[in-house]
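Keep in mind that the numbers below use all heavy atoms, side chains included, and drop hydrogens, waters and symmetry copies. These numbers were taken from a predicted model, which means no experiment stands behind them.
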Amino acid sequence: MTRGELIGRIAERFAAAPLCYGHGTHHARDEAAWLVLRGLGLPFDADLSGNASDAERIERLAERRITERIPVAYLLKEAWLAGQSFYVDERVIVPRSHIPELLQEKSFRPRPVRRVLDLCTGSGCLAILAARAFRSAQVDAADISPAALAVARKNVARHRVARRVQLQRSDLFDRLGAARYDLILTNPPYVGARAMAELPPEYRHEPRLALAGGADGLDLVARILAAAPAHLEPAGLLLCEVGDGRAAVQRRFRALQLDWPMPEVFVARREALAAVASMGAAARTRPIPSPAK
């Protein structure tokens, strides 16, 4: 059996099953190609006419994908983000952040970028990509989960950035002292309670701690916005990913001036965060009432 034939066979099985995608692919064919090629240790552009030498093992993995609804990233212990491979297992969510696309854009960057914080680092992928994007910067990567930090440690070593990426166990900013950063990146838990209750089986393999964000999904976001001014340099920026929560953010934080370079990611400047902080906690965390008519 050729690799292409095996991909086609597994793609048909995936298409006939009630699978949910979104952990690196969006349909059955790509999911099957990822499983076959990377399961065989081949690059994505490998010759599909070559022999699939270990087809039985790949078929067994495909069966687990269907019956146990395990994301391919966990089956292979590998995920891809911004063209880079990262080790993953069920101690961390599968990387799928939109933030790496923004790291290459110069329009929003503070200058210079000397210190970066990746908050809620999980597998460490954003910290590592930030270290690649800002070659002279020191990067701190914080997470509350020791299990997640163990995975991040593997990736930091694999990408050989241990001299510039420091891992820290911390509940958001709690153990970061008075450190200040030019850029804070965060992809925090932002799934609301209703969405958590309706998650497809694939997403239930991911750690709940890394997904659940409270009733409206913004509990962690609110804490980050409140504390960020004390940890940003005067021209510093916060990039925060909130998935499909843009409308909820705009309702809950109406007093904040936010930029949305992508539908899933907002940028907050230190001066804007500090100005709202001076108005008091109520302005930070509750909508401002509309004027009476």
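- In this structure, the ring of His159 has its center less than 6.0 angstrom from the ring center of Phe86.
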| request: Apply salt bridge (charged side-chain N to carboxylate O under 4.0 Å, His left out) to Lys154 and Asp89, showing your working. | output: CA-CA 11 Å; Lys154 280 179 174 283; Asp89 58 34; over 6 Å; no

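- A salt bridge links Arg223 with Asp171; the closest basic N to acidic carboxylate O contact falls under 4.0 Å.
- Around CG of Leu209, the count of heavy atoms belonging to other residues, nucleotides or ligands within 6.0 Å does not exceed 12.
- Asp219 and Gly214 get closest at one heavy-atom pair: OD2-CA, 3.4 Å.
- Under a 3.5 Å cut-off, the side chain of Asp143 and the backbone N or O of Leu149 do not form any donor-acceptor pair.
- Closest of all the heavy-atom pairs between Ala17 and Ile66 is CB-CG2, 3.9 Å.
- Applying the ring-ring contact (aromatic ring centres under 6.0 Å, His included) test to Tyr203 and every residue at least two apart in sequence or in another chain returns His23.
- Of the possible donor and acceptor atoms, one in the side chain of Asn155 sits under 3.5 Å from a partner among the backbone N and O of Tyr87.
- To the nearest 0.5 Å, atoms OG (Ser97) and CG (Leu126) are separated by 4.5 Å.
- Residues Glu264 and Arg96 are not paired through a salt bridge, judged by the lack of any N-O separation under 4.0 Å between the basic side chain and the carboxylate.
- Minimum heavy-atom separation, Ala73 to Val88: O-CG2, 3.6 Å.
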| query | Are Leu167 and Arg153 close enough, and set up right, to give a side chain to side chain contact (heavy atoms under 4.5 Å, CB included), and what steps lead you there? | reply | CA-CA 7 Å; Leu167 300 174; Arg153 197 167 294 113; 3.9 Å; yes

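- Arg64 places no side-chain N or O within donor-acceptor distance of the main-chain N or O of Leu75, the cut-off being under 3.5 Å.
- Taking CG of Asp140 as the start and OH of Tyr181 as the end, the distance is 3.5 Å to the nearest 0.5 Å.
- Between Arg180 and Glu233, no side-chain nitrogen of the basic residue sits less than 4.0 Å from a carboxylate oxygen of the acidic one, so the salt-bridge criterion is not met.
- Residues Asp47 and Ser49 bring a donor and an acceptor atom of their side chains to less than 3.5 Å of each other.
- For Arg252 (side chain) and Asp216 (main-chain N/O), no donor-acceptor pair under 3.5 Å exists by modelled atom type.
- Note that the CD atom of Gln168 and the OG1 atom of Thr121 stand 12.0 Å from one another [nearest 0.5 Å].
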| message | Under the criterion side chain to side chain contact (heavy atoms under 4.5 Å, CB included), I'd like the reasoning laid out for Leu35 against Leu76: C-alpha separation, chi angles, the key distance, then a yes or no. | response | CA-CA 8 Å; Leu35 179 63; Leu76 298 180; 4.1 Å; yes

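- Between atom CG of residue Leu256 and atom CZ of residue Arg269 there is a gap of 13.5 Å, rounded to the nearest 0.5 Å.
- No donor-acceptor pair under 3.5 Å is formed between the side chain of His231 and the backbone N or O of Leu176.
- Applying the 6.0 Å contact sphere to CZ of Arg160 captures no more than 12 heavy atoms from other residues, nucleotides or ligands.
- Side-chain atoms of Arg169 come within 3.5 Å of backbone atoms of Ile144 as a donor-acceptor pair (strictly under, hydrogens ignored).
- In this structure, Leu273 CG and Ile224 CD1 are separated by 11.0 Å, a value rounded to the nearest 0.5 Å.
- Minimum heavy-atom separation, Arg246 to Pro263: CB-O, 3.8 Å.
- Side chain of Arg65 to main chain of Pro71: no donor-acceptor pair is present (N/O by atom type, distance under 3.5 Å, no hydrogens or angles).
- The shortest non-hydrogen separation linking Trp34 to Glu78 is CZ2-O, 3.4 Å.
- Nearest heavy atom pair, residue Pro95 against residue Ala79, reads CD-CB, 3.6 Å.
- With Glu105 contributing its side chain and Leu102 its backbone, the two residues share no donor-acceptor pair below 3.5 Å.
- For the residue pair Asp30 / Tyr21, no side-chain donor-acceptor distance below 3.5 Å is found, with atom types taken as modelled.
- A donor-acceptor pair under 3.5 Å links the side-chain atoms of Asp182 to the main chain of Arg115, judged by distance alone.
- The main-chain N or O of Ala230 is never found under 3.5 Å from a side-chain atom of Arg270 such that the two would form a donor-acceptor pair.
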| query | How far apart are the C-alpha atoms of Arg3 and Leu42, what are their side-chain angles, what is the distance that settles it, and do they pass the side chain to side chain contact (heavy atoms under 4.5 Å, CB included) test? | reply | CA-CA 10 Å; Arg3 299 159 188 164; Leu42 299 170; 3.4 Å; yes

